[in-house]
Amino acid sequence: MIHSRYQGIAFEKRFLPRLTTMQIKEMPKEDALLVLPIGATEQHGPHLPVYTDTLLGEGLLNLAFTHLENENVWLLPPIPYGKSNEHFGLAGTITLSAATLQAVVMDIAKSVSESGFKKIVLFNSHGGNHDLLNMMAREIRIETGLMVFRLNSTAFDVTSEVISEKEQKFGIHGGEVETSMVLDLKESWVQMKYSTREFPKLDEDSNIYLKGGCYFAWLTKDISESGIAGDASLGTKQKGEQFNEKLGIKIAKVLLEMSHFDLCRINQ
Ligand SMILES: [Zn+2]
């Protein structure tokens with residue numbers, strides 16, 4: 001099992017709050033990169049746990065940190081709630097308001113800045129948080145002076161060789177990809193007997209999407225009866241293992257790049 005909380009290299013070697021205040025005070029901070037995972041607790045259809053996005057974020061970072069054992073990259077505890085009001089009213093969804101999430105992220109950033117750190121990455125594993133975190137990255141930069149990076153768990157394509165075009169386009173929630181990834185990380189939390197298939201009934205040639213440059217502000221109730229978008233029944237542990245392993249390597253690579261990223265070299 002890959003995802004095992006408080007075990008493995010991420011938690012044994014790179015989890016910042018396992019250190020004492022003295023150790024944190026004395027550690028070299030100039031190039032230290034802090035990784036703040038931001039997830040969600042929200043409905044993910046009839047078969048996946050509502051903790052899916054937080055679990056995925058933490059699981060992927062667990063994998064990434066196996067490649068970062070001796071690097072100056074540090075994991076922070078995740079924020080397990082996000083801006084999930086697109087799923088509001090569906091049982092198990094616990095959402096923060098936009099204003100609350102902004103305040104929480106800003107307070108954490110101010111605190112790490114007070115501790116002397118210079119670099120933070122907002123690592124997000126829930127689509128509904130993207131816009132708010134993109135905005136907050138710049139607000140934090142201005143308010144604290146921290147170097148702020150944004151990274152989404154979906155930033156790298158590791159699935160298009162495996163899944164259909166339809167799934168790539170519309171499988172945005174609890175579909176083949178997410179189901180596979182959770183099966184790999186925590187199989188006992190998935191109830192595959194309830195997995196289903198439902199795609200939003202958008203015209204194939206429509207220019208109006210669910211995300212990207214031209215989209216409409218959908219609520220889950222507008223686009224899905226089951227709560228999912230995609231074909232969950234095609235999810236397998238094997239696919240999930242493949243996606244997670246590849247993502248872990250790509251995330252590790254870019255975190256390392258961020259830790260060496262030098263703003264002075266750019267604005268010289
Ligand atoms: Zn999700």
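Remember, it's 1-based here, ligands and their atoms both numbered in the order they're listed.
- The same ILVMFWY cluster, assembled from side-chain heavy atoms under 4.5 Å apart, contains both Ile79 and Val112.
- Distance check for His44 against the Zn ion (ligand 1): an N/O/S atom falls below 2.8 Å.
- For Glu178, the N/O/S atom at the shortest distance from the Zn ion (ligand 1) is named OE2.
- Cation-pi check for Lys119 over Phe261 is not met; the charged atom does not lie both under 6.0 angstrom from the ring centroid and within 45 degrees of its normal.
- With 2.8 Å as the limit, Asp53 counts as an N, O or S neighbour of the Zn ion (ligand 1).
- Looking only at atom types and distance, the side chain of Ser160 has no donor-acceptor partner in the side chain of Gln168 under 3.5 Å away.
- Using bins of under 30°, 30° to 60° and over 60° for the plane-to-plane angle, the ring pair Phe11/Tyr6 lands in the perpendicular bin.
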